Amino acid sequence: MTLAEQYEKEEQYEKAYEEYKTMLDNSKENVHLLQKLGHLASILNKKDEAEEYYKKVVALDNKNIVAYEQLMDICFENDDKFTYYLSRGQMHVLQAQYEHAINDFKKAISHGDDDKRLASTRFILADLYEQAGKYNQAIDEYLKISDTGTATSETYLKLAALYVKTDFLESAIEILQRAKNEGFAGVEEDLAKYYSKANDPQKALELTKDELLKSRCLMELGRNDEAIELLKSIRSKYKNDPRYCSLIAQYYFETDELDTALKKVDEFAQISQNSPLIYQMKALIYEKKGDEFNEHVNWAKYNNLKGDTDIAINEYLIAHQIDENNIEVVATIADMLDLTDKNHSVEFYEKLLELSPNNKRALQKLAEFRDRIGDYVEMTAYLDKLKEIDPRNPYVIENYERANRMVTNPPSVFDNIVKLFKRI
């Protein structure tokens, strides 16, 4: 046991306090020692010193709920409302009580008078607003920080990202250009990226040091020879990077070497599976080739991956009009409609069965449909076929005997009406 602990055990708190302070000289970031000193300072009624020790604790360990609670008690007694609400807000964050935390940080700000501390509090508040999906409130907090001259590069980067998220790309560019003009470091790459998004490749090219973004800008400026030279020179560095592979495909697209472009998109797909960009690029290539069927199929796949299901179905339907006998398209339409419009999906499952008479999914889905409408004769016909090609099918095992019983002992009209209303 240390001398300080001995003094503390004997309730000689002043001596324990001084001894712990001596120990802290050799270990200034020891959270345990800082907590001891905070505790003893409180006992000795050294409230200001206790507050400073607990502030050091949370600076080193921002998940220390006990330290926040002690700070709250001390600051309440000292009438330090800013630190009280700040500590309570941070404690609520740790407890995942975000609405309470937001209210506490707002109260802390209303009692603050130091620009630097207010800025750090607004930064936390802005982050909480963003997590809650309250983007406009988050933007307001970042703007208030920038107005006081306490902003950092991160403030501007966060603000720009929120502008992009809320579809104000021009504002993102404006705020980062302002930050750059005011000498904030580290904003150039994001600014270049936003200029590229805004279809201003010249400004993006002037700002970026990213070799891949440079290559894309060169192509967008029609400087394809320079772009491919740059891409060749950095191949060993980026050959397994999805962005590099997509840019190589883009080069061949821009130079009308469309078959090679398709091949390069397939190589890109091996590295970045299920990226919507794969299908977007293929759709554009097939459009350029004049292949309408594959153009619409790939736009369908692109929109499906983006979560735009209705647009995807519509693209598949256009492709189906071009080639009504494509099994893959018919099956995909049927399965997609099965999730949103089961009655409409039946039309395509019937078409699928015409094109592929042994298609097990079509047989089962059509049997399920006939079951729903009480047509057990047709249901058993589909089940007989399904049993013939897949006797161990769980749906057949579970429903075959019931369906046949319903054929020999059909339910009354009343029973069918009741069954129909139960399904509505």
Side-chain angles (χ1 to χ4, degrees), residues 133 161 164-167 169 193 196-197 199 216 240-254 258-356 358-369 372 395:
V164 172
K165 193 176 280 189
T166 52
D167 295 324
L169 180 57
K193 181 176 66 177
S196 178
K197 267 184 188 288
N199 298 316
R216 189 200 310 164
N240 293 320
D241 188 313
R243 292 180 301 159
Y244 179 84
C245 297
S246 69
L247 285 167
I248 290 289
Q250 183 181 338
Y251 167 76
Y252 287 110
F253 173 78
E254 297 289 348
L258 301 180
D259 290 335
T260 305
L262 279 174
K263 189 184 299 182
K264 295 301 178 183
V265 172
D266 287 335
E267 290 175 10
F268 166 56
Q270 291 175 10
I271 296 173
S272 184
Q273 296 178 4
N274 293 324
S275 168
L277 183 57
I278 297 166
Y279 303 104
Q280 183 184 35
M281 293 178 77
K282 283 189 172 185
L284 292 169
I285 293 167
Y286 282 119
E287 181 182 9
K288 217 171 188 180
K289 286 169 71 76
D291 184 340
E292 288 188 57
F293 174 79
N294 280 306
E295 175 195 341
H296 289 290
V297 165
N298 281 283
W299 278 128
K301 291 177 179 179
Y302 167 78
N303 282 290
N304 197 30
L305 281 175
K306 295 280 284 184
D308 296 325
T309 307
D310 290 342
I311 298 174
I313 290 174
N314 189 56
E315 291 289 344
Y316 275 124
L317 288 170
I318 294 171
H320 176 62
Q321 289 175 351
I322 297 168
D323 181 358
E324 294 186 351
N325 296 321
N326 186 284
I327 292 175
E328 182 183 347
V329 168
V330 172
T332 303
I333 294 171
D335 287 342
M336 291 182 76
L337 288 173
D338 187 52
L339 299 174
T340 58
D341 186 352
K342 288 187 179 294
N343 289 339
H344 192 191
S345 72
V346 171
E347 172 190 341
F348 286 91
Y349 282 123
E350 288 174 341
K351 177 69 176 177
L352 178 58
L353 202 59
E354 290 176 17
L355 297 170
S356 177
N358 290 330
N359 190 289
K360 290 186 283 187
R361 183 163 178 77
L363 286 165
Q364 180 173 326
K365 286 295 179 180
L366 290 169
E368 290 174 2
F369 170 72
R372 285 200 301 275
Y395 182 77

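All values reported here derive from a predicted model rather than from experimental measurement. Residue numbers run from 1 in the order of the sequence given.
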NZ/NE/NH1/NH2 to OD/OE distance under 4.0 Å, Lys289 and Asp291: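 No, Lys289 and Asp291 are not salt-bridged.
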Qualifying side-chain hydrogen bond (donor to acceptor under 3.5 Å, both in side chains) pairs, either residue in residues 267-278, two or more places apart: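 Matches after skipping sequence neighbours: none remain.
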All pairs passing side-chain hydrogen bond (donor to acceptor under 3.5 Å, both in side chains) where residues 306-327 contributes a residue, at least two apart: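 Residue pairs with at least one partner in residues 306-327: His296-Glu315.
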Within-4.5 Å side-chain heavy-atom neighbours: [X] and [Y]:
{"X": "Met281", "Y": "Ser246", "value": "yes"}
{"X": "Tyr279", "Y": "Asn303", "value": "no"}
{"X": "Phe348", "Y": "Leu317", "value": "yes"}
{"X": "Tyr286", "Y": "Val297", "value": "no"}

Residues that Arg216 engages under salt bridge (Lys or Arg N to Asp or Glu O under 4.0 Å), provided they are two or more places apart: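 Not a single residue meets the salt bridge (Lys or Arg N to Asp or Glu O under 4.0 Å) criterion with Arg216.
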Residue pair [X] / [Y]: nearest heavy atoms and the distance that separates them:
{"X": "Asn298", "Y": "Ala283", "result": "CB-N, 3.8 Å"}
{"X": "Trp299", "Y": "Leu284", "result": "CZ2-CD2, 4.0 Å"}
{"X": "Asn359", "Y": "Leu353", "result": "O-CD1, 4.0 Å"}
{"X": "Ala312", "Y": "Asn304", "result": "CB-N, 3.7 Å"}
{"X": "Ile278", "Y": "Val265", "result": "O-CG1, 3.7 Å"}
{"X": "Leu258", "Y": "Ile285", "result": "O-CG2, 3.8 Å"}

Roughly how far, to the nearest 0.5 Å, is [atom2] of [Y] from [atom1] of [X]?
{"X": "Phe268", "Y": "Asp241", "atom1": "CZ", "atom2": "CG", "value": "9.5 Å"}
{"X": "Lys264", "Y": "Leu247", "atom1": "NZ", "atom2": "CG", "value": "13.0 Å"}
{"X": "Ile313", "Y": "Ile318", "atom1": "CD1", "atom2": "CD1", "value": "12.5 Å"}

Crowding at [atom1], [X] (>12 non-hydrogen neighbours, <6.0 Å):
{"X": "Lys197", "atom1": "NZ", "value": "no"}
{"X": "Lys288", "atom1": "NZ", "value": "yes"}
{"X": "Glu292", "atom1": "CD", "value": "no"}

Flag, side chain of Ser356 to backbone of Leu352, donor-acceptor distance under 3.5 Å: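 No, Ser356 side chain to Leu352 backbone: no donor-acceptor pair under 3.5 Å.
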Side chain Lys342, main chain Asp338, donor-acceptor under 3.5 Å: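 Answer holds: yes.
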